[in-house]
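What follows is a set of notes on a single structure, which appears directly below.
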Number of protein chains: 2
Amino acid sequence: MERDKKTSDLVEFFKVLGEPNRLRIVGLLAQRAYTAEQLGAALGVGASTVSHHLTRLARAGLVSARSESYYNLYSLQTNALSDMAKTLLAQAQPVRPESEQELSDYDRKVLATFTTTDGRIKTFPMQERKFRVLLRHILPSFSHGVRYTEKRVNEILSKYNDDTARLRRWLVDFGYMAREGGGGKYWRVDEK
Amino acid sequence: MERDKKTSDLVEFFKVLGEPNRLRIVGLLAQRAYTAEQLGAALGVGASTVSHHLTRLARAGLVSARSESYYNLYSLQTNALSDMAKTLLAQAQPVRPESEQELSDYDRKVLATFTTTDGRIKTFPMQERKFRVLLRHILPSFSHGVRYTEKRVNEILSKYNDDTARLRRWLVDFGYMAREGGGGKYWRVDEK
DNA sequence: GAAGTATTTCGATACTTATAGAAATAGTCT
DNA sequence: AGACTATTTCTATAAGTATCGAAATACTTC
C-alpha cells in the first residue's frame, strides 16, 4: 500500500472516472471480466475508442488485462477502488484536521482534560497557560480576513460552550480576535 | 440519504473532482472556510474562474456558502464526500455482485446450505436441481465468447472447490460449457 | 510460414471546458 | 440614498480529449 498519494494521481483518478463510458466500463468489469470487443458492443462505441479508455483506466491502475486465446480479458482492480474510497473517507473527517496533528503533548493533555470527545469545553481552567490552549482550540473555526457579526460569532462559539458571551470577550481580551469600535464586528487577529 | 445515485450524478461527481484547481479548493476547504478572494489568491487564478469552479462544486453538492459581511464564506460539505466514499466501497465488493441480487429464494437457500460465506462449495448436493444452482453460481466467472485453456479453467474453478476436474466435466455434461474436440479449449455456452 | 483474429496506433474532427477580462449584479457600510 | 466591495454573468479563446476509420501490430491457429 502506497505511503501517500500525490495530488496529480488523485486528479488523474477522478478524471478517469469522470467520463460516462469509462464509468460504465468500470461498472461492467465490477461484475465480470470482459473482452474489448464485448465492451465496445455493450457501450455502442468502436474498438479503438474502447482501447483508448482501457489504456487510461489501466494507467490509473483501475483495470488489468490477461491474455486468453485470441482475446484479452480485462478485469477490475478492486483494490484501487477501495483504497481510494478509504483515502476519501480519511479526508472527510469532521473538522480541525490539521491543527489536531500539530498539537504538543501538553496541549493534547489539556484538551483531554477540559473538553469532551466531540470537542466541547466542559469547564474552564484557572491557569492562563491552559486557558490559552482552549482559546487556540476554538480559533480555527474563524477565518482570517473576515469580519463576523456578533450574532455569527455566538453561533460559532455555541458549538464549544453555552457561555458564548464570556468566550467572545475572552477571545478579544487575550488578543486572538479584535472588535470594531462602533459596528460590533469581530475579526480574527493575524498571528505575528 | 438518497435511495440510489444516478450514474450521471456519479459522473458529475468525478468530473468535478477531476480538475486540479477544484481538487485543491476541496483540499483547502477541508481545513477551514475560505472566501472566494482568498481561494483565488491561493490558487493564482482570477475571481471569475474561482466563481466558476465553486458553482460546479456546489452543483455537485460538495460545497455550501454562507454570507458574512462583504464576503461569502465557502465550506466543504463533508457528508457528500463520505457518502460517495461509502458508495465506492460498496461497489468494490469481491466478485459476483449482480447475480447475487437476482437469485430466487430457492437458489439463495441452496447456496446458503452448500457454500461457505466466501462462495466456496462445501459439498455437492445429490438432487440435480440443487446441483444446477451451484453450477450457475460458478458460471459468471466465465465470459461469453472466450475460449479458455484447460489450465485457465482449472485456475478459475479452484476458487470454488479443489476438485476442479470433476467440476469441469460437470459443467460440460450439464450443458453450461462446451469443449473443443482436439485442442482442449473450453467456452461458455450461450444461454437460451 | 500463411491466414485469421483482436487490439493498438495514427490522423482528423467535433465537442467540452478552463480561463481571463469586462460588464452586470447583489449586498454592505456611512 | 450613494459609495464601495465581492461575486456572478457574459463573451471569447485556447487547450484537452472522446470519437471514428484506416492502417499497423501482436498473437493464435492450422
Side-chain angles (χ1 to χ4, degrees), chain A residues 8 11-12 14-25 33-41 43-60 63-74 143 145-152 180-185 187, chain B residues 8 11-12 14-25 33-41 43-60 63-74 143-149 151-152 180-185 187:
Chain A
S8 57
V11 170
E12 188 59 25
F14 286 120
K15 197 177 289 188
V16 162
L17 263 47
E19 204 281 328
N21 278 335
R22 277 197 292 265
L23 195 58
R24 291 175 67 192
I25 288 179
Y34 279 77
T35 69
E37 220 177 18
Q38 295 172 332
L39 288 174
L43 301 185
V45 299
S48 59
T49 303
V50 172
S51 175
H52 170 217
H53 288 318
L54 286 175
T55 301
R56 293 207 62 167
L57 284 167
R59 184 144 42 95
V63 307
S64 62
R66 82 187 128 81
S67 183
E68 192 68 57
S69 177
Y70 280 147
Y71 308 77
N72 282 358
L73 271 181
Y74 300 90
S143 295
V146 176
R147 304 176 73 213
Y148 296 90
T149 62
E150 184 168 300
K151 176 170 161 292
R152 179 66 192 155
E180 195 176 33
K185 289 295 178 70
W187 62 91
Chain B
S8 58
V11 171
E12 187 59 25
F14 286 120
K15 198 176 290 187
V16 161
L17 262 48
E19 204 281 330
N21 278 335
R22 277 197 292 263
L23 195 58
R24 291 175 66 193
I25 288 178
Y34 278 77
T35 70
E37 219 176 19
Q38 294 172 332
L39 287 174
L43 301 184
V45 299
S48 59
T49 303
V50 172
S51 175
H52 171 216
H53 287 319
L54 287 175
T55 301
R56 292 206 63 167
L57 284 166
R59 183 145 42 97
V63 307
S64 62
R66 83 185 129 81
S67 184
E68 191 69 57
S69 175
Y70 281 148
Y71 309 76
N72 283 358
L73 271 180
Y74 300 90
S143 295
H144 289 283
V146 176
R147 303 176 72 215
Y148 295 90
T149 63
K151 175 169 161 296
R152 179 68 192 153
E180 193 177 36
K185 290 296 179 70
W187 63 91

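Residue numbers begin at 1 in each chain, while the letters A, B, ... track the order of the sequences.
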**Asked** B:Arg22 side chain N/O closer than 4.0 Å to the phosphate oxygens (OP1, OP2) of C:dA18?
**Response** yes

**Fill in**
Rounded to whole Å, NZ of A:Lys185 lies from C1' of C:dT28 at a distance of 7 Å

**Item:** Value in whole Å for how far the P atom of D:dT28 lies from OH of A:Tyr71
**Value:** 13 Å

**Message:** Rounded to whole Å, how long is the line connecting atom CZ of B:Arg24 with atom C1' of C:dA18?
**Reply:** 14 Å

**Message:** Please report the distance, rounded to the nearest Å, between CG in B:Asn72 and P in D:dT9.
**Reply:** 12 Å

**Asked** Starting at CZ of B:Arg59 and ending at P of D:dT8, how long is that distance when rounded to a whole Å?
**Response** 14 Å

**Asked** Between the two end axes of the helix from C:dG1-D:dC30 to C:dT30-D:dA1, each built from 5 base pairs, what angle do you get to the nearest 10°?
**Response** 40°

**Message:** Restricting to ring pair (Phe, Tyr, Trp, His ring centres under 6.0 Å), what partner residues turn up for B:Tyr74, sequence neighbours left out?
**Reply:** none

**Item:** Euclidean distance, atom CZ of residue A:Phe14 to atom P of C:dT17 [Å, nearest integer]
**Value:** 18 Å

**Message:** Can you see if the side chain of B:Arg56 gets near the phosphate of C:dA18 - specifically, an N or O under 4.0 Å from OP1 or OP2?
**Reply:** yes

**Asked** Using a cut-off of less than 4.0 Å, is there contact between a side-chain N or O of B:Lys15 and OP1 or OP2 of C:dT17?
**Response** yes

**Request:** Taking the side chain as every heavy atom from C-beta outward, state whether A:Val11 and B:Glu19 have any pair of such atoms under 4.5 Å apart.
**Result:** no

**Request:** Without swapping roles, check the side chain of B:Thr35 against the backbone of B:Gln38 for a donor-acceptor pair under 3.5 Å.
**Result:** yes

**Request:** At under 4.0 Å between heavy atoms, which parts of nucleotides 19-24 of chain D does protein reach? Answer with one letter per nucleotide, 5' to 3': B base, S sugar-phosphate only, - none.
**Result:** BBBB--

**Item:** Which residue lies more 5' along DNA chain C, comparing A:Leu73 with B:Ser67 via nearest heavy atoms
**Value:** A:Leu73

**Item:** Non-hydrogen atoms of B:Val146 and B:Trp187 that approach each other most closely
**Value:** O-CB, 3.2 Å

**Asked** What is the minimum heavy-atom distance between B:Glu37 and B:Tyr71, and which atoms define it?
**Response** OE1-CE2, 4.2 Å

**Item:** Results of side-chain contact (heavy atoms from CB on, under 4.5 Å) for A:Arg66 - residues two or more places apart only
**Value:** A:Ala33, A:Glu68, A:Leu73, B:Tyr148, B:Arg152

**Request:** Specify the closest pair of heavy atoms between B:Ala36 and B:Leu54, including all atoms of both residues, with the distance to one decimal.
**Result:** CB-CD1, 4.3 Å

**Message:** For a 4.5 angstrom cut-off between non-hydrogen side-chain atoms, does B:Leu17 reach B:Arg22?
**Reply:** no

Could I get a table of every N or O pair under 3.5 Å where one atom is in the protein and the other is in nucleotides 11-15 of chain D?
none

**Item:** Any pair counted as salt bridge (Lys or Arg N to Asp or Glu O under 4.0 Å), so long as it reaches residues 45-56 of chain A, sequence neighbours left out
**Value:** A:Glu12-A:Arg56

**Prompt:** Within this structure, what is the OH-to-C1' distance between A:Tyr74 and C:dA6, rounded to whole angstrom?
**Reply:** 9 Å

**Asked** So do the side chains of A:Leu43 and A:Thr49 get within less than 4.5 Å of each other, counting heavy atoms only?
**Response** no

**Complete:** Between A:Val50 and A:Gly40, the two heavy atoms sitting closest are CG2-CA, 3.5 Å

**Message:** Starting the side chain at C-beta, find the nucleotide from D:dA6, C:dT9, D:dT8 nearest to B:Ser51.
**Reply:** D:dT8

**Fill in**
To the nearest angstrom, the CZ-C1' distance between B:Arg66 and D:dA6 comes to 16 Å

**Request:** Taking only the side-chain heavy atoms of B:Ala36 (C-beta and beyond), determine which of C:dT7, D:dT7, D:dT29 contains the nearest atom.
**Result:** D:dT7

**Message:** Tell me whether A:Thr55 contacts the main-chain N or O of A:Ser51 through its side chain, where contact means a donor paired with an acceptor under 3.5 Å.
**Reply:** yes

